[in-house]
Amino acid sequence: MKDVLRIGVAGLGTVGGGVLKLIATNGDLLAQRCGRPIRVTAVSARDRGRDRGVDLGGLTWHADAASLARDPSVDVVVEVIGGSDGIAKSLVETAIGSGKHVVTANKALLAHHGTALARAAEAKGLAIAYEAAVAGGIPIIKALREGLAANRINRVFGILNGTCNYILTTMRQTGREFADVLAEAQKLGYAEADPTFDVDGVDTAHKLAILTSVAFGCEVNFAGVHVEGIRHVSATDIAFAEELGYRIKLLGIARPTEHGVEQRVHACMVPIGTPIAHVEGVFNAVVTEGDFVGQSVAEGRGAGAGPTASAVVSDLIDIARGRVTPTFGVPAGQLGRPAVAPMARHRGAYYVRLTVVDRPGVIADVAAALRDEQVSMEAMIQRGRAPEEAVPVVLTTHETDEAAMRRALDRIARLGTVREPPHMIRIETL
Ligand SMILES: NC(=O)c1ccc[n+]([C@@H]2O[C@H](COP(=O)([O-])OP(=O)(O)OC[C@H]3O[C@@H](n4cnc5c(N)ncnc54)[C@H](OP(=O)(O)O)[C@@H]3O)[C@@H](O)[C@H]2O)c1
């Protein structure tokens with residue numbers, strides 16, 4: 001059996017604690033599969049006195065995480081602190097500078113600095129492995145980089161944030177509004193005290209930027225992601241979606257188009273008959289489309305100590321076996337820099353919800369605004385009658401340009417009988 005692979009774990013929270021527990025529990029199995037033992041030798045966190053639920057006896061404690069990255073008794077640094085900059089970034093840079101492989105769960109770091117870090121690591125023949133950073137326990141990075149590597153990928157999309165999926169699922173199941181369900185999710189520990197990154201789509205965008213790089217062989221371009229969240233989705237939208245044969249999901253979607261690579265994160269209406277419509281609660285799913293393999297769907301838990309530790313340790317196993325692959329599937333210096341497809345050029349179908357005064361001629365005015373921008377309406381629903389009162393009206397369109405849709409919505413917003421700004425959700429053909 002070869003030498004022990006010595007691990008330094010920086011961060012002992014949900015993920016770091018899970019990694020320690022997994023290695024302690026499955027140590028024999030890991031040694032058998034790798035042909036050598038994997039052993040944690042050093043750790044770092046802020047509070048030395050906190051009970052981590054795992055035995056830290058015999059491990060070197062580093063009050064300064066950067067010193068763990070220089071520790072000669074460490075071969076691989078596991079960065080599970082978090083944050084796109086600050087200590088996480090300097091720790092990873094120090095580890096690479098010290099000739100150590102890095103495993104991280106930090107999607108924010110890779111979304112912002114992935115290409116530069118990959119260049120630095122690959123120049124030294126080192127790995128930066130990050131299976132846990134995208135869709136938690138679902139091994140989608142390995143699937144794209146290895147299992148599907150023979151294919152040209154035409155599209156990748158998925159539910160990449162369990163908090164949003166939990167909120168949307170609960171809204172549908174209970175008929176309650178977003179704010180109410182978010183507050184409950186925070187109480188249950190499914191949502192952070194500051195939910196911004198999750199519900200405003202930023203976390204999904206971080207993961208999508210990484211997936212895009214691996215799927216299409218291009219530099220990580222987080223700034224090129226169009227990002228919207230789910231705060232505007234109402235119980236009314238969810239009920240209408242159901243009636244029209246859709247579910248509402250927050251998706252990250254990336255694909256090459258004639259205008260460049262499109263990366264977008266927003267609420268989508270997905271047909272009830274598609275697999276992704278049935279991914280519920282905190283579960284994640286990623287759908288890939290390859291030119292030879294066709295569509296494949298991977299579903300599983302996107303967060304939590306167990307699933308995330310499973311992904312982190314799978315990366316450690318690769319390193320223990322001596323497998324170091326280019327970070328994003330193509331050597332970092334050869335990653336492409338394609339144009340960003342502007343959202344205005346996006347083509348798709350739309351759902352629009354209006355609050356209008358119930359009065360003769362209103363619907364004709366809305367239809368005229370759509371016609372004037374060459375947007376073709378597919379269906380319209382008005383529920384109930386309340387003369388001279390505000391009532392919801394929803395409509396769906398055939399495929400059209402986003403720019404034309406936006407111009408039509410501006411016209412509709414200016415109609416005297418429209419009470420609130422029109423509210424739009426994109427319909428996805430999956
Ligand atoms: N939680 C998940 O399910 C999940 C899933 C996928 C990816 N991730 C990613 O994994 C990373 C960690 O997430 P987490 O949920 O485990 O976070 P967490 O529970 O908040 O843990 C963070 C850990 O980092 C330590 N830390 C903070 N600042 C430090 C510093 N300056 N020096 C040394 N240690 C420091 C904290 O120490 P103390 O404990 O002493 O405060 C804590 O142990 C993040 O990048 C996150 O996005 C998490």
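Each ligand, and each atom within it, is numbered from 1 in the order the structure gives.
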- Query: Quick one: does Ala65 get an N or O within less than 3.5 Å of an N or O on ligand 1?
  - Reply: no
- Non-hydrogen atoms of Arg52 versus ligand 1: any pair closer than 4.0 Å? yes
- Query: Does Ser44 come within less than 4.0 angstrom of ligand 1, counting non-hydrogen atoms of the residue?
  - Reply: yes
- Task: Around atom 40 (O) of ligand 1, find the nearest protein heavy atom and jot down its residue, atom name and distance.
- Result: Asp47 N, 2.7 Å
- Task: Please write down residue, atom name and distance for the protein heavy atom closest to atom 34 (N) of ligand 1.
- Result: Ala45 CA, 3.2 Å
- May I ask you to say whether Arg323 pairs ionically with Glu146, meaning some side-chain N is under 4.0 Å from a carboxylate O? yes
- Query: Are Glu79 and Lys89 close enough for a salt bridge, meaning some N to O gap below 4.0 Å?
  - Reply: no
- Say whether Gly304 and ligand 1 are in contact under the criterion: heavy-atom distance to a ligand atom below 4.0 Å. yes
- Using the ring of each side chain (for Trp, its six-membered ring), is His112 parallel, tilted or perpendicular to His206, with breaks at 30° and 60°? perpendicular
- Task: State plainly whether the residues Lys142 and Asp315 are in salt-bridge range, i.e. N to O under 4.0 Å.
- Result: yes
- Query: What do we get for Ile81 next to ligand 1 when only non-hydrogen atoms under 4.0 Å count, side chain, backbone, both or neither?
  - Reply: both
- Check Ala108 against ligand 1 and report side chain, backbone, both or neither, counting heavy atoms closer than 4.0 Å. neither
- Using heavy-atom distances, let me know which of Leu109, Asp203, Val15 sits nearest atom 48 (C) of ligand 1. Val15
- Message: With nothing but distance in play, are any N or O atoms of Gly11 less than 3.5 Å from an N or O of ligand 1?
- Response: no
- Query: According to the interplanar angle, ranging from 0 to 90°, do the rings of Tyr351 and Phe240 count as parallel (below 30°), tilted (30 to 60°) or perpendicular (above 60°)?
  - Reply: tilted
- Message: Quick test: of every protein heavy atom, which one is nearest to atom 5 (C) of ligand 1, and how far off is it to 0.1 Å?
- Response: Thr308 OG1, 3.4 Å
- Query: So, Asn106 and Thr104: side-chain donor and acceptor under 3.5 Å apart, yes or no?
  - Reply: no
- Message: Students should be able to answer this: which protein heavy-atom is nearest to atom 21 (O) of ligand 1, and at what distance?
- Response: Gly13 CA, 3.3 Å
- Query: In terms of side-chain heavy atoms, does Tyr166 have a donor or acceptor partner in Glu280 at a distance below 3.5 Å?
  - Reply: no
- Query: Does a salt bridge link Glu242 with Arg247, judged by any charged N lying under 4.0 Å from a carboxylate O?
  - Reply: yes
- Query: Of the choices Arg46, Lys107, Glu131, Arg48, which has the non-hydrogen atom that lies closest to atom 47 (O) of ligand 1?
  - Reply: Lys107
- Message: Given Asn161, which partner from the list Thr204, Asn284, Asp203 fulfils the side chain to side chain donor-acceptor pair (under 3.5 Å) test?
- Response: Asp203
- Say whether Gly136 and ligand 1 are in contact under the criterion: heavy-atom distance to a ligand atom below 4.0 Å. no
- Task: Say whether Gly16, considering both its backbone and side-chain N or O atoms, lies within less than 3.5 Å of an N or O atom on ligand 1.
- Result: no
- Compare Ile87, Thr14, Val80 and give the one whose heavy atom is closest to atom 11 (C) of ligand 1. Val80
- Look at atom 10 (O) of ligand 1 and say which protein heavy atom is nearest, naming residue and atom and giving the distance to 0.1 Å. Ala105 CB, 3.4 Å
- Would you confirm whether the ring centroid of Tyr130 sits within less than 6.0 angstrom of the ring centroid of Phe328? yes
- Note on the structure: Counting from 1 in the order shown, the ligand 1 atoms closer than 4.0 Å to a non-hydrogen atom of Ala132 are 6 (C), 7 (C)
- Would Arg145 and Glu131 pass as an ion pair if we require N to O under 4.0 Å? no
- Ranked by distance from atom 45 (O) of ligand 1, the top protein heavy atom is Gly82 CA, 3.2 Å
